[in-house]
Amino acid sequence: MTKLKDVAYVLRSKNAGPFYITIDVIFNDETIYEKVLKSTLFSREKIADIYQCDLNEVDIFPYEQAQSIKVSFPRKSISGDIDDTDLFGAQHHVPLMEQQIGLSEYDQESNGWNGKGAWEGIQTTSVSDALQGLTNLDSAIKPITDDLFVIGPAYPVRVRAADNLLVLKAIEEANPGDVLIIDGKGYEQNAICGDFVIGLAKTMGLAGVVIDGVVRDIQGIQSLNYPVFCRGTTVAASDKHGTGETGEPISCGGVPIHPGDLILGDTDGVTVIPKERENETLDKALEKQERDEVRERDVIGNTEAAHAYIRNQLVKAGRA
Ligand SMILES: O=C([O-])CC(=O)C(=O)O
Ligand SMILES: [Mg+2]
C-alpha cells in the first residue's frame with residue numbers, strides 16, 4: 001500500500017522554537033501533491049492523533065506554488081527537556097512518512113483508468129460484445145453473491161495449487177480499489193480463501209477478489225456482502241508454504257491479465273479490459289447497451305414488432 005514516503009520528494013522536520021515542530025513535505029508532481037493534500041492524512045485530527053497533541057494547536061499550510069505542505073504542532077516534550085529524545089526536532093517526520101495514504105483515486109488515475117464512476121451500469125455482457133468475447137474468464141468462475149458488481153485495476157497473484165500464503169502478501173501489497181485476481185490453477189480441492197482471508201481483503205479496501213479456484217466458509221463470505229468470484233466451494237484449507245508470485249502478469253480462467261488491466265465482474269461472470277483498450281471498450285459497450293435498450297423498448301411486448309425484428313434478422317442472413 002502507498003505510504004507518504006513513497007510519493008513525497010522531500011520530507012523533513014525541525015524545531016520551530018523549543019515548543020513546536022514544523023514538518024515540510026514537498027512533492028515534485030502536481031497531481032500527487034493535490035491528491036495527497038485531499039487525503040485524510042492531512043487533517044488536523046489525524047496529525048493530532050499521530051503526534052498525540054491537541055488538535056486545536058495543529059496547523060496545516062498548503063503552499064501550492066512550491067507543491068509543499070507545512071505542518072506544525074506542539075512537541076510532546078520540550079526541546080532539551082529530560083525526556084526529549086530529539087533535541088533539534090529532526091526526527092519527528094518519521095511517524096508521518098510511514099503513514100499509509102488512501103490514494104486509491106490517485107493510483108487509479110495514475111494507472112490511467114477512468115475510475116469506477118465511468119463504468120457504472122456497464123455490464124460484462126456488453127464488454128464481452130465490445131471485445132468479441134476474447135477476454136471473458138472461464139464461465140465456471142461465478143459470483144458467490146449475486147448482484148454484487150466489481151470494477152478495478154487488477155492486482156495479480158499466482159499460487160501453486162493448494163498453497164495460499166502469497167494471497168496474503170498480495171492483499172498487503174495491493175492498493176485500495178484494486179481487484180485481487182488469483183491464478184489458483186483452477187484447482188478445486190483446497191480453498192484459496194475462506195471468510196477470514198476475504199475479510200482481510202475487504203479490510204484493506206480492495207474492491208473485490210476473483211479466483212481461478214475455490215473458497216470455503218461460504219456463508220461467512222456471503223455475510224461480508226463483498227464481491228468474490230470463483231469456481232465454487234470446498235471444505236479443505238490450503239497450505240501456507242509461499243510458492244508463487246505477486247504483481248506479475250498471470251493467466252486466470254484462460255485469460256492473460258497484466259497488473260492494472262481492468263477487471264469487471266457481475267452476476268454473469270468476469271471479464272477483463274486490457275488497460276490500453278479501456279476508452280475504446282467503454283465507448284463500444286455504452287453504444288451497445290444503448291442499442292439494446294432501444295431494441296427492447298421497441299420490440300418486447302409488441303407482437304408485430306417482434307415478427308418484424310425476427311423477419312429482418314432472417315432476411316439479413318439470407319434465411320428468410
Ligand atoms: O485461512 C485460510 O487459509 C482459509 C480460511 O479458512 C479462511 O480464510 O477463513
Ligand atoms: Mg476459515
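Being a predicted model, the structure only gives us computed values, none of them experimental. Ligands are counted one by one from 1 in listed order, and the atoms in each one are counted from 1 as well. Hydrogens, waters and symmetry mates play no part in the numbers below; they use all other heavy atoms, side chains included.
Checked against side chain to side chain contact (heavy atoms under 4.5 Å, CB included), Lys288 has the following partners two or more places apart in sequence or in another chain: Ser126, Asp129, Arg291, Asp292. With sequence neighbours excluded, no residue forms a side-chain hydrogen bond (donor to acceptor under 3.5 Å, both in side chains) with Arg44.
For NZ of Lys76, the number of neighbouring non-hydrogen atoms (other residues, nucleotides, ligands) closer than 6.0 Å is 12 at most. Crowding of Gln313 atom CD: a count of heavy atoms from other residues, nucleotides or ligands under 6.0 Å exceeding 12. Within a 6.0 Å sphere centred on CD of Glu45, other residues, nucleotides and ligands contribute more than 12 heavy atoms.
Annotation: protein N, O or S atoms under 2.8 Å of the Mg ion (ligand 2) (waters excluded) comprise Asp217 OD2.
Relative ring orientation between Tyr51 and His92 is described as parallel, the plane-to-plane angle staying below 30° on a 0-90° scale split at 30° and 60°.
Glu278 places a side-chain N or O within donor-acceptor distance of the main-chain N or O of Asn114, the cut-off being under 3.5 Å. Formation of a donor-acceptor pair under 3.5 Å by the Asp195 side chain with backbone atoms of Asp217 is not found in this model.
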**Report entry** salt bridge (Lys or Arg N to Asp or Glu O under 4.0 Å) between Asp84 and Arg75, intermediate numbers included
**Finding:** CA-CA 9 Å; Asp84 177 34; Arg75 277 174 150 273; 3.0 Å; yes
Extract all N/O-N/O pairs under 3.5 Å that connect ligand 1 to the protein, and present each with both atom names and the distance rounded to 0.1 Å.
residue: ligand 1; atom: 3 (O); partner: Asn164; partner atom: ND2; Å: 2.9
residue: ligand 1; atom: 3 (O); partner: Lys240; partner atom: NZ; Å: 2.6
residue: ligand 1; atom: 6 (O); partner: Arg216; partner atom: NE; Å: 2.8
residue: ligand 1; atom: 6 (O); partner: Arg216; partner atom: NH2; Å: 2.9
residue: ligand 1; atom: 6 (O); partner: Asp217; partner atom: OD2; Å: 3.3
residue: ligand 1; atom: 8 (O); partner: Gly194; partner atom: N; Å: 3.0
residue: ligand 1; atom: 8 (O); partner: Gly194; partner atom: O; Å: 3.4
residue: ligand 1; atom: 8 (O); partner: Phe196; partner atom: N; Å: 3.4
residue: ligand 1; atom: 8 (O); partner: Val197; partner atom: N; Å: 2.9
residue: ligand 1; atom: 9 (O); partner: Asp195; partner atom: N; Å: 3.4
residue: ligand 1; atom: 9 (O); partner: Asp195; partner atom: OD1; Å: 3.3
residue: ligand 1; atom: 9 (O); partner: Phe196; partner atom: N; Å: 2.9
residue: ligand 1; atom: 9 (O); partner: Asp217; partner atom: OD2; Å: 2.9

